[in-house]
Asker: 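Structure incoming, see below.
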Amino acid sequence: MPNKKKTFYITTPIYYASGSLHIGHCYTTVASDAIARFKRMDGYDVYYLTGTDEHGQKVQKAAEERGLSPQAFVDGLADKIKKLWELMDISNDGFIRTTDKAHEKAVADMFTRLYEKGDIYKSEYTGKYCEPCESFWTASQLVDGKCPDCGRPVRDEKQECYFFRLSKYADRVRKLLTETDFLQPDSRVKEMVNNFIDKGLTDFAVTRTSFDWGVKVPFDPKHVIYVWIDALPNYLTALGYLQGDDSLYKKYWPCDIHMMAKEIVRFHSIVWPAILMALDVPLPKRVYGHGWIMFDGDKMSKSKGNVVDPFILSERYGVDALRYYLLSSMPFGDDSNYTNELLVTSINNNLVNDLGNLVRRTFAMNRQYFEGKLTRPATIDKRDEEYTNAINGLLGEVRPLMDKPELHLALSKIFGVIDMSNKYIDANKPWELNKNGEKDRLNAVMYNLTEAIRVASGLLLPFLTKYPKRIFDGLGLPVPTSFDSMAFGVQAQYATTEIEPILNRLDIKKELKELEELAEKMNKTEKPADNKPAAAEDKKAENAAPEQIAIDDFFKTQLLVGKIEQCEKIEKAKKLLKLTVFDGTRRRTIVSGIAMAYTPESLVGKKVALVANLKPAKLCGVTSEGMLLCSVGEDGLPRLVHPDGEAGDKIC
């Protein structure tokens, strides 16, 4: 029998259903996705969970303000967040909603068990209450008289509540934090111990009576189970805990790592293990609290208004560019500053200059010198040993960094080999080797470079989900699903082809100006998210089959082979190019939305499929006399159709 795979269970927090989505949500989820993808390729049986926290007073209030039922409101949020994860290529295996009936029943059963054990009891709470955070605080915990988490005003509150006996588990939780590596990074341990445990853990309220949108206490239904007793168990209930089929729970629990931003570390590192201790459930192996994304020195938060829209950024620059920035530019345990300039600069410097130029130059020289065909040298030249050893050892350098996790350093190692490869080209000067007729040495140099691209691209697959796949197309190889071949010299032969540029270089000043104008426009027009689910008719239309046409209608379209003679950018139009295309009888001007995928100079001389009898239309002040046929790649970018034949030939 084959060896049984090791399991790996990773979770994000479940995101709170009360407003707009921003790149802060993407940060945790993309990082967790990179870890999950890496572990799958490294031979693990992975379960990756994310979801939405959909109960509570804030949700009920937000729904009422919009004239919606709470369920309709959270249905809309769940739709939006699933679309965001689809856009960001998140590979989650499970998506849990706290309104799922199975979750609600399991939470009610857990509450009853804890009550029957004496770990939950009824009493009365008097203290300071922060409604946005739905948290009670003592006067000593306030900062300048305000909520220590969000900095907003609190009010005096008196409620009959059920309490969880957290104080009972204080010593065990302290030992867990101080004597194991349960909580990471280490700075979070000191924060939890000094600010909370050593000041004395008090029992905390786990129900409310001031609203009714939530899981009712089974034996006292005027009480609604409060967020942390409802939300935290999602990591168990998603696996079938306390349900008929608990096979996933038996297979994947305990969780290998809970990922989250630092503001909810207290609940995951103190409250959550205490609940599990009370339930006699094994503890998760690790809790990791990363820093915040800061925007102009302030925490990125939907409540403070400094939100950056991931949908807009992904549409403008591509998903891989945003994933790369989030994972490479932000030391994972610390707070990190976001600026538009850092984003655009990282795209130019790393993806365009370093990775893009390496691939472009190497594949072009492979074609020029060997028609793309390379053979593995019989031996490694001593001059190349440092370089080939770096390629061969790259997986071994990256793996421990992914385990920590220090994703920015893992990416730095990969781009270190990419940088070394660019310098290797300059040092070995393939053009001179070719000029001097040193074909064996030239083959070795180009093979080494191509191997570096293969190994680096394979290790980039967990981080970037689209660009590496295009590179493997150019390598003439299937996209790897494991790291088994991520070593130097594995590939005996190559037949590479040139590919379209991964990304085009951005004009930084122009981009910053346009992003600033876009932000100003959004601030003027932005309205609160209504989270209304898509109408049934909209969904029906979206899923409907394309309208059928008769064959006579199809033959009205005149398709010709055209040849591009000139091409230039259109001022103030980011996506449009102006092309002069010869159709066999005359030259015509075509305006095409392909600027995100092609540079003007790369298109001159190319043959294209031209819709020749389209009615002329004016775009950005330029009259377009036809249309070019394109396909759309996985990255959402257009791909021109390049037909055989001569300009003027009919396509049929």
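Values below: all heavy atoms of this structure, side chains included; hydrogens, waters and symmetry mates excluded.
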Asker: Between the side chains of E432 and K435, is the shortest nitrogen-to-carboxylate-oxygen separation below 4.0 Å, so that they form an ion pair?
Answerer: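 E432 and K435: not salt-bridged.
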Asker: Could you tell me whether a side-chain N or O of N434 sits under 3.5 Å from a main-chain N or O of P430, the two making a donor and an acceptor?
Answerer: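 Pair absent, no side-chain N/O of N434 close to backbone of P430.
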Asker: When you compare the side chain of Y235 with that of P254, does any pair of heavy atoms fall below 4.5 Å?
Answerer: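 Not touching, per the 4.5 Å side-chain cut-off.
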Asker: Check step by step if salt bridge (charged side-chain N to carboxylate O under 4.0 Å, His left out) holds for K469 and D320.
Answerer: CA-CA 11 Å; K469 292 179 182 178; D320 273 6; over 6 Å; no
Asker: Would you say the side-chain atoms of Y447 pair up with the backbone N or O of Q491, donor to acceptor, closer than 3.5 Å?
Answerer: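 A pair under 3.5 Å: yes.
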Asker: Could you tell me whether K510 and E514 have a side-chain N and a carboxylate O separated by less than 4.0 Å?
Answerer: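 Yes, K510 and E514 are salt-bridged.
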Asker: Strictly distance-based, threshold 3.5 Å: is any side-chain N or O of D381 a donor or acceptor partner for the main-chain N or O of R383?
Answerer: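 It does hold such a pair.
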Asker: Quick check: Y9 with Y44 (ring centres under 6.0 Å apart)?
Answerer: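 Here the rings of Y9 and Y44 have centres that are no less than 6.0 Å from each other.
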Asker: Any Lys/Arg nitrogen of K6 or D45 sitting under 4.0 Å from an Asp/Glu carboxylate oxygen of the other?
Answerer: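 Looking at K6 and D45, the cut-off is not met.
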Asker: Give a yes/no verdict on a cation-pi contact between K439 and F370, requiring under 6.0 Å between NZ or CZ and the six-membered ring centre and an angle within 45° of the axis.
Answerer: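 Yes, K439 and F370 form such a contact.
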Asker: Any chance you could lay out the side-chain contact (heavy atoms from CB on, under 4.5 Å) test for L579 and S592, step after step, and finish with the verdict?
Answerer: CA-CA 8 Å; L579 307 99; S592 182; 3.8 Å; yes
Asker: Does E438 CD have over 12 foreign heavy atoms under 6.0 Å away?
Answerer: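 It does: E438 CD has more than 12 such atoms within range.
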Asker: Between K190 and D186, is the salt bridge (charged side-chain N to carboxylate O under 4.0 Å, His left out) condition met? List the steps.
Answerer: CA-CA 7 Å; K190 296 175 183 176; D186 291 341; over 6 Å; no
Asker: Rounded to the nearest 0.5 Å, how far does CG of L355 lie from CD1 of I418?
Answerer: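 I418 CD1 to L355 CG: 4.5 Å, rounded to 0.5 Å.
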Asker: Rounded to the nearest 0.5 Å, what separates atom CD1 in I499 from atom OG1 in T497?
Answerer: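 So the gap between those two atoms works out to 8.0 Å.
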Asker: Using every non-hydrogen atom in the two residues, find where T345 and E341 come nearest and quote the distance to one decimal.
Answerer: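 In terms of heavy atoms, the two residues are closest at OG1-O, 2.7 Å.
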Asker: Could you walk me through whether Y324 and S329 pass the side-chain hydrogen bond (donor to acceptor under 3.5 Å, both in side chains) test, one step at a time?
Answerer: CA-CA 8 Å; Y324 176 77; S329 303; over 6 Å; no
Asker: Is any side-chain heavy atom of L461 closer than 4.5 Å to a side-chain heavy atom of T481?
Answerer: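 With C-beta onward as the side chain, the pair stays apart.
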Asker: Do the side chain of N428 and the main chain of V445 share a donor and acceptor less than 3.5 angstrom apart?
Answerer: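 Here the side-chain-to-backbone pair does not exist.
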Asker: Under a 4.0 Å threshold between the charged nitrogen and the carboxylate oxygen, would R441 count as salt-bridged to D384?
Answerer: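 Between R441 and D384 there is a salt bridge, with a charged N closer than 4.0 Å to a carboxylate O.
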Asker: Got a second to check how far L411's CG is from L460's CG, nearest 0.5 Å?
Answerer: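 If we round to the nearest 0.5 Å, L411:CG and L460:CG are 6.5 Å apart.
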Asker: Are side-chain heavy atoms of F488 and L394 found at a separation under 4.5 Å?
Answerer: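 Counting from C-beta outward, F488 and L394 never come under 4.5 Å.
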Asker: Check whether F95 forms a cation-pi arrangement with K82 (NZ or CZ under 6.0 Å from the six-membered ring centre, at most 45° off the ring normal).
Answerer: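 Satisfied, under 6.0 Å and within 45°.
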Asker: Is K262 atom NZ crowded by more than 12 heavy atoms from other residues, nucleotides or ligands, each under 6.0 Å away?
Answerer: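 Yes.
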Asker: Under 6.0 Å between the ring centres of Y338 and W292?
Answerer: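 Ring centroids of Y338 and W292 are no less than 6.0 Å from each other.
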Asker: Under a 4.0 Å threshold between the charged nitrogen and the carboxylate oxygen, would R376 count as salt-bridged to E451?
Answerer: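 Here E451 does not pair with R376 in a salt bridge, since their nearest N and O are not under 4.0 Å apart.
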Asker: Whether R323 and D33 form a salt bridge (side-chain N of Lys/Arg under 4.0 Å from carboxylate O of Asp/Glu) is what I want to check.
Answerer: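 Salt bridge flag = yes for R323 with D33.
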Asker: Taking the side chain as every heavy atom from C-beta outward, state whether I425 and L358 have any pair of such atoms under 4.5 Å apart.
Answerer: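 Yes. Closest side-chain heavy atoms under 4.5 Å.
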Asker: For E86, look at atom CD and say whether over 12 heavy atoms of other residues, nucleotides or ligands are found less than 6.0 Å away.
Answerer: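 Check fails, neighbour count at 12 or below.
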Asker: Do you know the tightest heavy-atom contact between G458 and P462?
Answerer: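 Closest pair (atom of G458, atom of P462, distance): O-CD, 3.9 Å.
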Asker: H290 versus T28: any side-chain heavy-atom pair under 4.5 Å?
Answerer: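 Yes, at least one pair of side-chain atoms sits under 4.5 Å.
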Asker: Does Y288 reach the side chain of R188, with side-chain heavy atoms less than 4.5 Å apart?
Answerer: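 A side-chain contact is absent here, since even the closest heavy-atom pair is not under 4.5 Å.
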Asker: Could you check whether R361 pairs with D426 (Lys NZ or Arg NE/NH1/NH2 to Asp/Glu carboxylate O, under 4.0 Å)?
Answerer: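 Between D426 and R361 there is a salt bridge, with a charged N closer than 4.0 Å to a carboxylate O.
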Asker: If we count only N and O atoms by modelled type, under 3.5 Å, do the side chains of T375 and N443 hold a donor and an acceptor together?
Answerer: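 No pair is found: no donor N or O on one side chain lies under 3.5 Å from an acceptor on the other.
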Asker: Minimum heavy-atom separation for P501 and R470, please, with both atom names.
Answerer: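 Minimum heavy-atom contact is O-NH2, 2.8 Å.
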Asker: Write down the atom of W85, the atom of Y15, and the distance for their closest heavy-atom approach.
Answerer: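 The pair with the smallest heavy-atom distance is CZ2-CE1, 3.5 Å.
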Asker: Between T362 and I453, is any pair of side-chain heavy atoms under 4.5 Å apart?
Answerer: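 Side-chain contact under 4.5 Å: yes.
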Asker: Find the distance between CG (L239) and CG (L248) and round it off to the nearest 0.5 Å.
Answerer: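 Answer for the CG-CG pair, L239 versus L248, is 6.0 Å.
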Asker: Salt-bridged, K39 to D403, with N to O below 4.0 Å?
Answerer: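 Salt bridge between K39 and D403, a charged N being under 4.0 Å from a carboxylate O: yes.
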Asker: When you measure from the side chain of N448 to the backbone N and O of Y387, does any donor-acceptor pair fall under 3.5 Å?
Answerer: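 Looks like no, no N/O pair under 3.5 Å.
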Asker: What distance do C26 atom SG and I81 atom CD1 have between them, rounded to the nearest 0.5 Å?
Answerer: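 Here the rounded value is 8.5 Å.
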Asker: Nearest heavy-atom pair of N366 and M446: which atoms, and what distance?
Answerer: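 The answer is OD1-CE, 3.2 Å.
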Asker: Checking V417 against V455 for the side-chain contact (heavy atoms from CB on, under 4.5 Å) test, could you report, in this order, the C-alpha distance in whole Å, the side-chain angles of both residues, the deciding distance, and whether it holds?
Answerer: CA-CA 9 Å; V417 166; V455 172; over 6 Å; no
Asker: Does R454 use its side chain to pair, donor to acceptor, with the backbone of F472 at less than 3.5 Å?
Answerer: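 Between the backbone of F472 and the side chain of R454 there is no qualifying donor-acceptor contact (under 3.5 Å).
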Asker: Specify the closest pair of heavy atoms between S336 and Y27, including all atoms of both residues, with the distance to one decimal.
Answerer: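 Looks like OG-OH, 4.4 Å.
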Asker: Under the side-chain contact (heavy atoms from CB on, under 4.5 Å) rule, what do M259 and I10 come out as? Steps first, then yes or no, please.
Answerer: CA-CA 7 Å; M259 300 283 282; I10 182 170; 4.1 Å; yes
Asker: Does the side chain of E516 reach to within under 4.5 Å of the side chain of K513, using non-hydrogen atoms?
Answerer: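 A side-chain contact under 4.5 Å is absent here.
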Asker: I'd like to know whether CD of E385 has more than 12 heavy-atom contacts from other residues, nucleotides or ligands below 6.0 angstrom.
Answerer: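 It does: E385 CD has more than 12 such atoms within range.
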Asker: Ignoring hydrogens and geometry, is there a side-chain-to-backbone donor-acceptor pair from R40 to I35 under 3.5 Å?
Answerer: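 Checking the backbone N and O of I35 against the side chain of R40, no donor-acceptor pair under 3.5 Å is found.
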Asker: Could you tell me whether a side-chain N or O of N348 sits under 3.5 Å from a main-chain N or O of L506, the two making a donor and an acceptor?
Answerer: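 Yes: the side chain of N348 pairs with the backbone of L506.
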Asker: When the ring centroid of H408 is compared with that of F415, is the distance short of 6.0 Å?
Answerer: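 For H408 and F415, the ring centres are not under 6.0 Å apart.
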Asker: Hey, what's the ring geometry for H258 with W253, parallel, tilted or perpendicular (30° and 60° as the breaks)?
Answerer: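 Ring orientation, 0 to 90° scale: tilted.
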Asker: Answer yes or no: does atom CD of E386 have more than 12 heavy-atom neighbours from other residues, nucleotides or ligands under 6.0 Å?
Answerer: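 No, CD of E386 has 12 or fewer neighbouring heavy atoms, counting only those of other groups under 6.0 Å.
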Asker: Measure the CG-CZ distance between L395 and R399 for me, rounded to the nearest 0.5 Å.
Answerer: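 If I round to the nearest 0.5 Å, the distance is 4.0 Å.
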Asker: I'd like to know whether CD of E371 has more than 12 heavy-atom contacts from other residues, nucleotides or ligands below 6.0 angstrom.
Answerer: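 12 or below, so no.
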Asker: Please tell me whether Y48 and T12 have a donor and an acceptor in their side chains that are separated by less than 3.5 angstrom.
Answerer: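 On atom types as modelled, these side chains do not qualify, holding no pair under 3.5 Å.
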Asker: Assess whether a salt bridge exists between R286 and D256, defined as any Lys/Arg side-chain N lying under 4.0 Å from an Asp/Glu carboxylate O.
Answerer: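 No, this pair does not count.
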Asker: Determine whether the aromatic ring centres of residues F38 and F463 are separated by less than 6.0 angstrom.
Answerer: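 No, too far apart.
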Asker: Looking at L283, L232, V287, which one forms a side-chain contact (heavy atoms from CB on, under 4.5 Å) with W272?
Answerer: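 Of all the options given, the one that passes is L232.
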